[in-house]
Amino acid sequence: MTEEELAKDLGLISAMTIGIGTMIGAGIFVLPGVAAHAAGPVVVLSFVVGGVIAMVNALSISELGTAMPKAGGGYYYINKALGPLFGSIAGMGDWMGLAFASAFYSIGFGQYLAVFVSLPEFGFLNQIQVGALVAGLVFVGVNYIGAKETGGVQTVIVFLLLGILTLFSIAGFFSFDYATLISEGGLAPFGFGQILPGTALVFVSFLGYAKIATVGEELRNPGRNLPIALIGSVAIVTVIYAIVVSIMLGVVPWPDLSTDAPVAQAAEVAFPSAIGPITGVAGAAAAVMTVGALLATASSANASILASARINFAMGRDKIVTDWLNEVHPNFSTPYRSILVTGLLIVVFIALLGREIEILAKAASVLHLIVYALMNVALIVFREAETPEYDPDFTVPFYPYTPILGTVLSLGLVAFMDNYEIALAGAFVAGAVIWYFLYARDNTTQEGVLSDFIASREEQFPDQVVDAANAVAPNGDEGPTIMVPVMNPRTETALITLASILARQQGGRVLATHIVTVPDQTSLQAAARNREQIDARSSELLSAATEDAAQFGVPIETRTILSHRGLEEVFDAARDHDADTVVMGYGGARFAGGRAERALDELTHDLPCDFLVLDAEEFDPATVLLPTTGGRSSELSADVARALQAAVDSSISLLHVVDAGEETAGEKFLTEWATENDLTDAEQIVETGSPSSVIARLGGEYDLVVLGATERGLLSRVIQGSPALRSLESLDVPVLLAERPSSRSLWSRLFRRT
């Protein structure tokens with residue numbers, strides 16, 4: 001099978017376990033002791049405030065995720081909205097933040113491992129660091145090899161942890177003593193001003209929920225499941241943190257709470273020493289808690305390393321980093337280079353910063369908070385720019401106050417970090433900016449929505465803003481992408497030939513996609529299992545496309561996409577791959593099977609790029625008739641004509657049909673139009689009468705007739721049928737229909753002619 005899209009095989013429970021599994025690890029098993037020593041019992045409120053900040057950001061991430069469920073999550077949204085400079089900062093920040101978090105989780109694992117096993121010291125590494133290094137290497141090794149059932153194991157671990165913590169909460173409820181909670185200086189021995197610094201320390205406990213968005217591309221029904229998973233996981237974990245930390249501080253005075261294994265210590269106090277004849281209950285409970293802590297920290301570290309590989313995949317796809325990093329292992333099918341580099345960072349962080357667990361926790365938080373703030377800004381940019389493809393199923397309440405609040409809270413919390421962590425995060429941000437200007441700027445080609453918004457309204461912005469946008473714009477230029485949905489072997493060569501001619505003329509590439517439409521009764525997973533049949537058909541079609549494109553010497557990529565939808569999937573694929581032009585077959589527009597619920601709306605309002613619809617099984621355009629009345633779509637027809645002139649020396653004839661008595665004005669229009677579109681060497685024909693009848697009469701003398709859209713929704717008329725188009729079907733020569741996206745309103749496109 002050719003290169004494939006990520007399958008949508010994650011359900012709601014799997015998505016929630018990704019979020020809960022990451023958050024419930026170190027946050028509850030490692031940090032309470034350290035945080036309590038810094039803030040006292042009031043640290044419970046620090047966890048709650050952290051949950052509130054996370055919830056505000058979760059609302060924004062839900063909207064972004066349902067609008068664009070893509071691998072990469074926050075990085076993808078920021079790169080798309082703010083451009084590759086901020087995309088580099090977000091991607092690198094998220095990646096480094098996950099590496100810091102993985103090191104932190106590994107240290108937590110080492111702390112609890114030291115309870116069970118006597119670990120040696122090695123060089124400047126203490127016992128906990130040695131245990132953390134062993135754990136980190138094992139986690140990296142597991143991800144390097146890969147395991148198909150990792151998701152299922154993660155689900156089991158999460159439910160096991162929830163069960164353990166539930167038992168602890170029940171036992172702790174009966175042992176809870178409010179006097180113990182306030183015994184050493186009351187609820188706030190260091191003052192209530194320690195709540196926010198405490199939040200800065202424990203916020204690393206809330207990093208997991210955003211990872212749900214990084215797998216949004218694989219989530220079933222993301223419009224429903226993504227918001228529920230994001231908001232639900234934050235709510236559940238916040239409640240668990242508040243209850244469990246309160247109980248810890250109610251059974252063990254906060255000055256005595258262990259900074260290495262606080263849950264195990266509290267469990268030994270909370271549980272009775274014996275239940276009836278059964279003795280050793282408290283010790284057994286502590287041991288179970290220790291096992292739970294090992295599972296939790298392992299789960300968190302594993303999920304973080306997994307998410308980091310997804311972010312690298314997304315950055316590689318956008319050429320922010322080299323695709324060398326995302327090379328897939330031939331035997332294990334994992335991005336092993338990315339995992340190894342991430343593993344190396346984790347080892348370095350454990351070795352250099354493992355004795356200062358607070359630094360690891362805060363460094364991870366600072367980098368993620370910066371990304372969260374940028375995500376909120378990205379949401380505002382998408383909304384204000386009225387980006388056509390931005391169509392979220394979930395919208396944040398109280399816009400724009402919610403994303404503004406998310407930005408302020410995220411950056412505000414950074415102010416409560418120590419200078420060391422802020423400087424460390426600043427160094428990584430500076431490194432990302434330097435990386436962008438040294439590498440990514442010359443390779444990536446995609447500008448953000450913000451730069452397009454500024455460019456389209458230059459007169460409304462100060463010159464300094466326009467200059468700044470131009471100064472950071474990407475330099476990469478791989479030329480336009482000409483996408484070809486190949487469906488029919490009889491028309492494949494004609495479509496690829498046209499696409500290759502355009503790509504060679506414009507220095508671009510061809511992207512051939514085979515969209516396999518699957519009946520609603522068949523799940524995509526079941527269809528994917530029938531790979532041999534799909535492989536054979538796709539391989540045949542796409543191999544032929546590759547051979548045809550090779551004759552023109554243009555680069556070609558191929559994709560096979562399984563979908564329940566037909567035409568709508570073409571639009572989505574064009575958006576996903578930033579296609580500049582789609583070349584499709586006339587018969588291919590009427591996809592057999594599949595759904596096209598949004599076809600009318602898409603075709604009359606939201607064209608993602610230029611569309612060329614070719615009605616031909618052979619393509620040899622020695623002579624071309626190009627009727628025109630002006631307009632954007634006729635300019636696209638002119639682009640095609642020039643490409644054909646250059647590639648196959650086509651002879652172009654321009655046709656303008658006018659009413660009787662307007663011949664002189666028609667000749668003047670056609671001369672000016674030919675000059676404006678660099679077709680002055682083309683033959684110019686002015687005729688009177690009905691345009692469709694004239695075209696039908698003259699068209700038969702040519703090898704190709706190129707028609708630009710001159711009225712509402714040319715493509716929608718292809719779908720729905722139109723008398724004018726049906727008359728063209730009587731032509732025995734190939735016909736090419738051209739339509740360029742219009743800025744006209746839906747009302748205008750539906751009911752008014754140009």
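Side chains are part of it too, since the values below use all heavy atoms of this structure and drop only hydrogens, waters and symmetry mates.
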With distance as the sole test, does N376 use its side chain to make a donor-acceptor pair with the main-chain N or O of I404 at under 3.5 Å? no
F428 ring center near F100 ring center (under 6.0 Å): yes
Nearest 0.5 Å, please: how far is CG in N677 from OG in S634? 8.0 Å
Straight-line distance of L367 CG to I89 CD1, nearest 0.5 Å: 11.5 Å
Should D639 and Q505 count as side-chain neighbours, where that means a heavy-atom distance under 4.5 Å? no
Backbone N/O of A440 and side chain of T444: donor-acceptor pair under 3.5 Å: no
So do the side chains of D610 and D580 get within less than 4.5 Å of each other, counting heavy atoms only? no
Check whether any side-chain heavy atom of Y439 sits under 4.5 Å from a side-chain heavy atom of I320, and report yes or no. no
Ignoring hydrogens, what is the shortest heavy-atom contact between S365 and F203? Give both atom names and the distance. OG-C, 3.6 Å
Heavy-atom closest pair, residues V234 and G51: CG1-O, 3.7 Å
At their closest point, which heavy atom of E384 faces which heavy atom of Y399, and how far apart are they? OE2-OH, 2.7 Å
With rounding to the nearest 0.5 angstrom, report the CD to CE distance, E63 to M375. 13.0 Å
Checking side-chain contact (heavy atoms from CB on, under 4.5 Å) for the pair I231/F394: CA distance, chi angles, key distance, verdict? CA-CA 12 Å; I231 297 170; F394 172 88; 4.2 Å; yes
Report the distance from atom OH of Y75 to atom CG of D94, rounding to the nearest 0.5 Å. 11.0 Å
Could you walk me through whether L424 and K362 pass side-chain contact (heavy atoms from CB on, under 4.5 Å), step by step? CA-CA 10 Å; L424 196 60; K362 290 182 177 178; over 6 Å; no
So, for L230 and S62, which heavy atoms are closest and what is the spacing to 0.1 Å? CD1-OG, 3.4 Å
4.5 Å side-chain heavy-atom contact, L612 and L502: yes
Polar side-chain atom of W95 near backbone of T342 as donor-acceptor pair, under 3.5 Å: no
Going from CG on N312 to CD1 on I339, what distance comes out if it is rounded to the nearest 0.5 angstrom? 9.5 Å
Should we count OH of Y436 as having more than 12 external heavy atoms under 6.0 Å? yes
Non-hydrogen atoms of L636 and A738 that approach each other most closely: CD2-CB, 3.8 Å
CG of L379 to OG of S60: how many Å apart, nearest 0.5 Å? 5.0 Å
Would a 4.5 Å heavy-atom cut-off, applied to side chains only, mark P84 and N79 as touching? yes
Before you tell me yes or no, could you show the steps for L409 and Y372 under side-chain contact (heavy atoms from CB on, under 4.5 Å), namely the whole-Å CA-CA distance, both residues' side-chain angles and the distance that decides it to 0.1 Å? CA-CA 10 Å; L409 290 177; Y372 293 157; over 6 Å; no
When you measure from the side chain of S633 to the backbone of R740, do you find a donor-acceptor pair of N or O atoms at a distance under 3.5 Å? yes
Do the side chains of T199 and F416 get nearer than 4.5 Å, heavy atoms only? no
Got a sec: does the CG of D467 have more than 12 other heavy atoms crowding it under 6.0 Å? yes
Any side-chain heavy-atom pair of L85 and V433 under 4.5 Å: yes
Would you check if K80 and T387 make a side-chain contact, meaning some heavy-atom pair closer than 4.5 Å? no
Full working for side-chain contact (heavy atoms from CB on, under 4.5 Å) between N57 and S410: CA-CA 8 Å; N57 286 324; S410 297; 3.1 Å; yes
Within 6.0 Å of OH in Y420, more than 12 heavy atoms from elsewhere: no
For A373 and T407 the tightest heavy-atom approach is O-OG1, 3.6 Å
